[in-house]
Amino acid sequence: MKITLSLIKADVGGYPGHSSVHPSLKEKAEEMLGKAKKEGILIDYRVAGVGDDLQLIMTHKKGVDNEEIHKLAWDTFKAATEIAKSLKLYGAGQDLLKDAFSGNVRGLGPGIAELEFEERKGEPVIAFMMDKTEPGAFNLPIYKIFGDPFNTPGLIIDPTMHDGFVFEVWDIMEHKRVFLKTPEELYDLLALIGAKSRYVIKRVYPSEKHPKIPHEEAVAVISTEKLYQIAGEYVGKDDPVALVRAQSGLPALGEVLEPFAFPHLVSGWMRGSHNGPIMPVGLKDAKMTRFDGPPRVVALGFQLSDGKLVGPVDLFDDPAFDGARRQAVEIADYMRRHGPFEPHRLPLEEMEYTTLPKIMEKLKGRFEKI
Ligand code: F6R
Ligand code: MG
Ligand code: MG
């Protein structure tokens, strides 16, 4: 049976500030998705809050980019926005940038990750949700999961994975994409995705020779909606989400989680303008406190059963990730000591907030030739 897993998220108001989602927004989303389940639109759903982002995890049989599903997500965010406004939550409706739903939420503000696939006998899926960072933050972990044998021994010792994977990489500035196959094109892939603010991994596919999973069926997908391109100006980092399938010819659950034991540097954090470590946390710790962060990632794991979501298990709510959290705090201390200096503060062209044009205007007449 073909199942679609849709993870659609938006920041429709924070509390306090940009730190977390108010429970009443989650309740509203539960109510609306619950109704859609009763009506048979959804097979199943879960609602979560990660930082200030309201997360809708939904299963159905309607395929990706489906109008009815996107409309449901849009209406849910609109309804939650009304509550956010009534409570005067911070930045109510912040991610609903355009008020013109026409079949699809793509380009309207929310972030979207969707996979359609034939549900296997055992189908483990992981929903990753990051706050206070950008889609390129997934480049390093997704590369490690599907391309790096030092992370994923299955690439070497599981014959079904031995032929490698195909990475779909988007150039989010020029709206172009390229497909690169590992291990053959590993260096080309890394040359691009190391530049994570421009080249982002959008999807991963099994190789054409994969014995179990059809090559056209993506096994991982990352949201890549760039808010600043939607609104015509930089209005925010678009806190990304991702879906990853695991096991039986794909990386094992533990191979999928392993990259997050390293709190790598990502851009975002305070005012979308700073580099900092990404901290893996359970839902209870998914609130952005210190310097509006540090950026965090939550992983919810499910087994699918005819589209039903069995779970979640809150995968980073585990002492095995205490070391990564401790290291993230140390790195946060270290980075913070740079104050307004790069590379803690992002380079000028990547900052979400900048006063530079105004400062230049003020100092215009005072610059002397040297
Ligand atoms: C970063 C983020 C926050 C805000 C900061 C200032 O993505 O959401 O760090 O940028 O709290 O917010 P405003 O300008 O709304 O006061
Ligand atoms: Mg916010
Ligand atoms: Mg957010």
Side-chain angles (χ1 to χ4, degrees), residues 7-26 29 47-57 73 77-78 80-81 83-85 87-97 105 108-113 127-138 196-197 222-231 233-242 265-281 283 285-298 332 335-336 339-340 344-346 350-356 358:
L7 170 50
I8 307 186
K9 50 123 306 222
D11 175 352
V12 293
Y15 134 90
H18 294 278
S19 69
S20 76
V21 175
H22 191 277
S24 62
L25 306 190
K26 287 185 267 186
V47 171
V50 173
D52 55 6
D53 298 321
L54 181 59
Q55 307 277 351
L56 313 179
I57 302 167
F77 293 136
K78 294 286 278 183
T81 297
I83 296 176
K85 282 183 179 157
L87 295 173
K88 290 185 71 183
L89 297 181
Y90 195 69
Q94 116 168 9
D95 277 358
L96 308 188
L97 300 177
V105 290
L108 299 183
I112 309 140
F128 287 104
M129 292 154 280
M130 292 181 173
D131 190 34
K132 302 294 183 268
T133 185
E134 60 178 6
F138 274 111
K196 62 185 171 45
S197 61
I222 296 94
S223 65
T224 46
E225 284 65 39
K226 266 279 169 197
L227 294 179
Y228 71 86
Q229 291 186 339
I230 294 164
E233 60 176 312
Y234 204 142
V235 296
K237 292 268 181 239
D238 38 348
D239 311 318
V241 292
L265 291 174
V266 300
S267 44
W269 205 353
M270 174 57 78
R271 298 179 182 277
S273 305
H274 292 81
N275 281 310
I278 185 126
M279 186 191 249
V281 291
L283 279 172
D285 297 318
K287 48 184 186 281
M288 306 303 135
T289 51
R290 182 171 178 196
F291 201 55
D292 285 1
R296 293 179 211 214
V297 56
V298 166
M335 295 301 282
R336 282 298 304 123
H344 180 28
R345 204 215 65 200
L346 293 181
E350 284 181 43
M351 282 198 295
E352 184 180 322
Y353 286 65
T354 181
T355 45
L356 195 76
K358 284 198 179 117

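Order of listing sets the numbers, starting from 1, for every ligand and every atom in it. Residues take their numbers from the sequence shown, with the count starting at 1. Worth saying up front: this structure is predicted, and the values here are computed from it rather than measured.
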Angle in degrees, rounded to 10°, that OD1 of D131 and OD1 of D53 form at the Mg ion (ligand 3): 110°
Near M270 (heavy-atom distance under 4.0 Å), the atoms of ligand 1 are 9 (O)
Mark up the atoms of ligand 1 that fall under 4.0 Å of a heavy atom belonging to Y90, in ascending order. 13 (P), 15 (O), 16 (O)
Is V12 close to L96 at the side-chain level, that is, under 4.5 Å between some pair of heavy atoms? yes
Distance-only, no hydrogens or angles: does the [X] side chain make a donor-acceptor pair with backbone N or O of [Y] under 3.5 Å?
| X | Y | answer |
| --- | --- | --- |
| R296 | P294 | yes |
| W269 | K132 | no |
| S273 | R271 | yes |

Answer side chain, backbone, both or neither: which part of K132 comes under 4.0 Å from ligand 1, heavy atoms only. side chain
Counting only heavy atoms closer than 4.0 Å, does ligand 1 sit against the backbone of R271, its side chain, both, or neither? both
Tell me whether the Mg ion (ligand 2) has D52 as a neighbour, meaning an N, O or S atom of it below 2.8 Å. yes
Taking backbone and side chain together, does D11 place any N/O/S atom at a distance below 2.8 Å from the Mg ion (ligand 2)? yes
Salt-bridge contact K287-D131 (side-chain N to carboxylate O under 4.0 Å): no
Can G17 be said to touch ligand 1, with heavy atoms closer than 4.0 Å? no
Mind checking the OG-CZ spacing from S223 to F128? Nearest 0.5 Å is all I need. 13.0 Å
Considering just N/O/S atoms, say which atom of H18 is closest to the Mg ion (ligand 2). ND1
Shortest-distance N/O/S atom, D239 versus the Mg ion (ligand 3): OD2
Ring centroid separation F291 to H344 under 6.0 Å: yes
